[in-house]
Amino acid sequence: MAKPKIRSELRFLLNGEDVALADVAPDATLLDFLRLSRSLRGTKEGCAEGDCGACTVLVGRLSGGKLVYESVNACIRFLGSLDGTHVVTVEHLRGESGQLHPVQQAMVDFHGSQCGFCTPGFVMSLYALWMKSPDPSNAEIEKALQGNLCRCTGYEAIVRAAHAISSYGKAAKDPLAVERKAVTARLEQLRDGLRVEIGAGRQRLIVPADVADFARLLEAEPAATVVAGSTDVGLWVTKHMRDISPVIFIGGLDGLKTISEDKDAGDGKIISIGAGVTYTEAFAALAKRIPAFGPLFDRIGGEQVRNMGTIGGNIANGSPIGDTPPPLIALGAMLTLRKGKARRTIPLEDFFIAYGRQDRQPGEFVEAVHVPVPDEGTHFAVHKVTKRRDEDITAVLGAFHLTLAQDGTVADVCIAYGGMAATPKRAYAVEKALIGQPWTEATVMAAMDRYAEDFAPLTDMRASAEYRAMAARNLLLRFHAETSGTRAPLTVTREKAA
Ligand SMILES: Cc1cc2nc3c(=O)[nH]c(=O)nc-3n(C[C@H](O)[C@H](O)[C@H](O)COP(=O)(O)OP(=O)(O)OC[C@H]3O[C@@H](n4cnc5c(N)ncnc54)[C@H](O)[C@@H]3O)c2cc1C
Ligand code: FES
Ligand code: FES
């Protein structure tokens, strides 16, 4: 096999400057680079775990030949993932004669800042929104700011500023819009198709040339850490001080970023999503075809996390509280795993073996997930229960996929939960109690007694075991109410749930 050509420096654009780095640690974060190496201290460090948005910057990347700018969290973004991108920090907003940018001027005039620590992060999130949607609705503004926390100003003033930005300038005349062609050409030049490899031995940082190169690399070095969006792995470094080297960065591989729909697959349509597709991109495709996904997606992380994190990572990490596995299992999704050139496709459900154990061989990686679009006339819903509505980790999540027969009995039902066991898990006993029965409240109430056979949930800081058991049962009741046009009765008591 021919030896791949290797480049031994990372190359990207930072504001208006070309950057080439030959000495980069595998776990070096963008935030440290900006603040410590480049003295760009407008980007702040608050939580260092992707929650507060103080470190928000924009990353521009080519997606299908188009330049897309997205807000990301610099604190959990590794430098190695930035090859071939354009990083934009708040300093880049300074006008030629030092004047404030329209987003900044609106924040000043509408009193959107007090202590100011969060302000650069808010400015960058609003900047990303303004470029996408110059006249945003309240809902768009709230969504864009889910990942930004302000302790002192209060959000009302910031929302008013967000509405006013376009009265200070036109998004189409913004430097990032005007320079789009030139930056696109520059990023195209940076994509030379070479593998990037920096460092030696364990202390290596690798950006594979393509998916085949990644497959070869991981097969040869199965203990390497694979990093896609780094919304999990970033915290291993910033919070747990773990040594993650050597690291293989796959977030920029086009071959893992494909979304396709097979309209002739067996008896239904299947949407295939590459493991490197971000939440933002995957959600746009999935929610269009399966609208019940929409409300869930808006409650996963904040915009910055959704712009980085992938469904592939959400599956591969094997977390019992990952939000996408239960609904994907309820829909009967399949998973393609690849090792070298060999591929196998298994039901997603079978991937999760036990806590911290998945059906993944050394050197194997998640390549794609295949999601059947539910047939018309079937019912599908997913409900997430958390302590606060936005940007919170799941206590319990239930996903329900129901097919009713002509006579109103349950022809088929698939129910999967997160937060109820050591892995995402089906409620087999409950399903069994429902199949063949009339889809009535009485059937559902009787089936609820079977939950104890399926789950023995834990108590932790998010919820008690008793709460989880009760919430899981009530979600089924809610699903029945939604699908039968009745109101959910308030009859499920703490005693019954225990
Ligand atoms: C602030 C914040 C909020 C969050 N909110 C939510 C939430 O609401 N719901 C939720 O479910 N999650 C949430 N998360 C967790 C996280 O976003 C998800 O688990 C995410 O999907 C992980 O994807 P990633 O691409 O960032 O993975 P990474 O961090 O890059 O990797 C995660 C794990 O998967 C492995 N991996 C990644 N891709 C592959 C692959 N293709 N093949 C094999 N292994 C691979 C990595 O080696 C690592 O073990 C949140 C995280 C943060 C920081
Ligand atoms: S510092 Fe809080 S999200 Fe990065
Ligand atoms: S202005 Fe102080 S945290 Fe937002």
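We're numbering straight along the sequence, starting at 1. Every number for a ligand or one of its atoms is a count from 1 in the order of the listing. Because only heavy atoms are used, hydrogens play no part in the values below, and waters and symmetry mates are left out as well, while side chains stay in.
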Problem set entry | R389 side, atom CZ; D298 side, atom CG - distance, nearest 0.5 Å | 7.5 Å
Seminar exercise, completed: atom 47 (O) of ligand 1: closest protein heavy atom, distance to 0.1 Å, is V226 O, 2.6 Å
For this session: Have a look at V57 and tell me which of L40, T89, N15, V88 forms a side chain to side chain contact (heavy atoms under 4.5 Å, CB included) with it.
Result: T89
Exercise. Can you tell me which residue and heavy atom of the protein come closest to atom 9 (N) of ligand 1, and the distance to 0.1 Å?
Worked result: D323 OD2, 2.9 Å
Exercise. If you count the atoms of ligand 2 from 1 in the order shown, which ones are under 4.0 Å from a heavy atom of G50?
Worked result: 3 (S)
For this session: Answer with side chain, backbone, both or neither: which part of E49 has a heavy atom less than 4.0 angstrom from an atom of ligand 1?
Result: backbone
Problem set entry | Minimum-distance protein heavy atom relative to atom 37 (C) of ligand 1 | G313 CA, 3.7 Å
Exercise. At what distance, to the nearest 0.5 angstrom, does CZ of R338 lie from CD of E367?
Worked result: 5.0 Å
For this session: Please state whether the separation between atom 2 (Fe) of ligand 3 and some N/O/S atom of C150 is under 2.8 Å?
Result: no
Problem set entry | Atom indices of ligand 2, in the order listed, that fall short of 4.0 Å to a heavy atom of C52 | 1 (S), 2 (Fe), 3 (S)
For this session: Find all atoms of ligand 3 within a distance of less than 4.0 Å from any non-hydrogen atom belonging to C118, and give their numbers and elements.
Result: 1 (S), 3 (S), 4 (Fe)
For this session: Below 4.0 angstrom from a heavy atom of G50, which ligand 1 atoms are there? Numbered from 1 as shown, please.
Result: 1 (C)
Exercise. Which bit of I311 is near ligand 1, meaning a heavy atom under 4.0 Å away: side chain, backbone, both or neither?
Worked result: neither
Exercise. Any idea which atoms of ligand 1 are less than 4.0 Å away from a heavy-atom of G301?
Worked result: 3 (C), 4 (C), 5 (N), 6 (C), 7 (C), 8 (O)
Exercise. Short list, please: which atoms of ligand 1 are under 4.0 Å from a heavy atom of A275?
Worked result: 41 (N)
For this session: Would you mind listing which atoms of ligand 1 come within a distance below 4.0 Å of any non-hydrogen atom of R299?
Result: 8 (O)
Problem set entry | Side chain proximity check, L14 to L34, heavy atoms < 4.5 angstrom | yes
For this session: For this output row, return yes or no: ring centroids of Y69 and H86 closer than 6.0 angstrom.
Result: yes
Exercise. Atom CG of L30 and atom CZ of F33: how far apart are they, to the nearest 0.5 Å?
Worked result: 8.0 Å
Exercise. When you check the gap from the basic side-chain N to the acidic O, do E221 and R204 get nearer than 4.0 Å?
Worked result: yes
For this session: For T278 and ligand 1, answer yes if some heavy atom of the residue is under 4.0 Å from a ligand atom, otherwise no.
Result: no
Problem set entry | Nearest neighbour in protein (non-hydrogen) for atom 51 (C) of ligand 1 | T231 O, 3.7 Å
Seminar exercise, completed: F365 heavy atoms within 4.0 Å reach ligand 1 at atoms 42 (N), 43 (C)
Exercise. Hey, which atoms in ligand 2 end up nearer than 4.0 Å to a heavy atom of C75?
Worked result: 1 (S), 3 (S), 4 (Fe)
Exercise. What's the shortest distance from atom 3 (S) of ligand 2 to any protein heavy atom, and which residue and atom give it?
Worked result: G53 N, 3.2 Å
Exercise. Does F365 have its ring centroid less than 6.0 Å away from the ring centroid of F214?
Worked result: yes
For this session: Starting at CH2 of W236, measure out to CZ of R242 and round the result to the nearest 0.5 Å.
Result: 4.5 Å
For this session: Of the side chain and backbone of A48, name the one, both, or neither that has a heavy atom under 4.0 Å from an atom of ligand 2.
Result: backbone
Problem set entry | N, O or S from C115 under 2.8 Å to atom 2 (Fe) of ligand 3 | yes
For this session: Mark up the atoms of ligand 1 that fall under 4.0 Å of a heavy atom belonging to D392, in ascending order.
Result: 8 (O)
Exercise. With atoms numbered from 1 as shown, which atoms in ligand 2 lie under 4.0 angstrom from a non-hydrogen atom of G46?
Worked result: 1 (S)
Exercise. How far is atom 28 (P) of ligand 1 from its nearest protein heavy atom, and which residue and atom name does that atom have?
Worked result: S230 N, 3.6 Å
For this session: Measure from the ring center of F455 to the ring center of Y417 and say whether it is less than 6.0 Å.
Result: yes
For this session: Measure from atom 48 (C) of ligand 1 to every heavy atom in V233, V211, T225, N317 and give the option owning the shortest one.
Result: V233
For this session: Output, in order, the C-alpha distance, side-chain angles, deciding distance and verdict of ring pair (Phe, Tyr, Trp, His ring centres under 6.0 Å) for F283 and F293.
Result: CA-CA 8 Å; F283 296 170; F293 266 126; 7.9 Å; no
Seminar exercise, completed: Of all protein heavy atoms, the one nearest atom 50 (C) of ligand 1 is V305 CG1, 4.1 Å
For this session: Inspect the contact between K341 and E219 and indicate whether a charged nitrogen and a carboxylate oxygen are less than 4.0 angstrom apart.
Result: no
Problem set entry | Distance filter under 4.0 Å to T153 heavy atoms, resulting ligand 3 atoms | 1 (S)
For this session: Quick one: look at F297 and ligand 1, take heavy-atom pairs under 4.0 Å, and tell me if it's side chain, backbone, both or neither.
Result: neither
Problem set entry | Protein contact to atom 15 (C) of ligand 1 [nearest heavy atom, distance to 0.1 Å] | D232 OD1, 3.5 Å
For this session: Return yes if some donor-acceptor pair links the side-chain N/O of S133 with the main-chain N/O of W130 below 3.5 Å, else return no.
Result: no
Exercise. Going by an N to O cut-off under 4.0 Å, is there a salt bridge joining D254 and R191?
Worked result: yes
Problem set entry | Under 3.5 Å: N/O of Y279 near N/O of ligand 1 | yes
Seminar exercise, completed: Of L218, I393, I321, V366, the residue with the heavy atom nearest atom 43 (C) of ligand 1 is V366
Exercise. Backbone, side chain, both or neither: what part of E391 comes under 4.0 angstrom of ligand 1, heavy atoms only?
Worked result: side chain
For this session: Give a yes or no on whether a salt bridge exists between D83 and R61, defined as a side-chain N under 4.0 angstrom from a carboxylate O.
Result: no
For this session: Give the numbers and elements of all ligand 1 atoms closer than 4.0 Å to a heavy atom of G322.
Result: 11 (O)
Problem set entry | Selected option - heavy-atom contact closest to atom 44 (N) of ligand 1, from A228, G251, A316, G309 | A316
Exercise. Are R299 and E391 close enough for a salt bridge, meaning some N to O gap below 4.0 Å?
Worked result: no
For this session: Pull out every atom of ligand 3 sitting under 4.0 Å from any heavy atom of C152, numbered as shown with elements.
Result: 1 (S), 2 (Fe), 3 (S)
Exercise. Got an N, O or S from C47 under 2.8 Å of atom 2 (Fe) of ligand 2?
Worked result: yes
Exercise. Which residue and non-hydrogen atom of the protein lie closest to atom 49 (O) of ligand 1, and at what distance in Å?
Worked result: W236 CH2, 3.3 Å
For this session: Calculate, to the nearest 0.5 Å, the distance between atoms CG and CD1 belonging to L286 and I259 respectively.
Result: 7.5 Å
Problem set entry | Within reach of ligand 2, part of D51 (heavy-atom separation under 4.0 Å) | backbone
Seminar exercise, completed: Within 4.0 Å of some non-hydrogen atom of G116, the atoms of ligand 3 are 1 (S), 2 (Fe)
Problem set entry | T310 N/O to ligand 1 N/O under 3.5 Å | yes
For this session: Enter the distance from T278:OG1 to N307:CG here, rounded to the nearest 0.5 Å.
Result: 6.5 Å
Seminar exercise, completed: Under 4.0 Å between heavy atoms, the region of K384 that gets near ligand 1 turns out to be side chain
For this session: For N314, counting its heavy atoms only, list the atoms of ligand 1 lying under 4.0 Å from any of them.
Result: 10 (C), 11 (O), 12 (N), 18 (C), 19 (O), 21 (O), 22 (C), 23 (O)
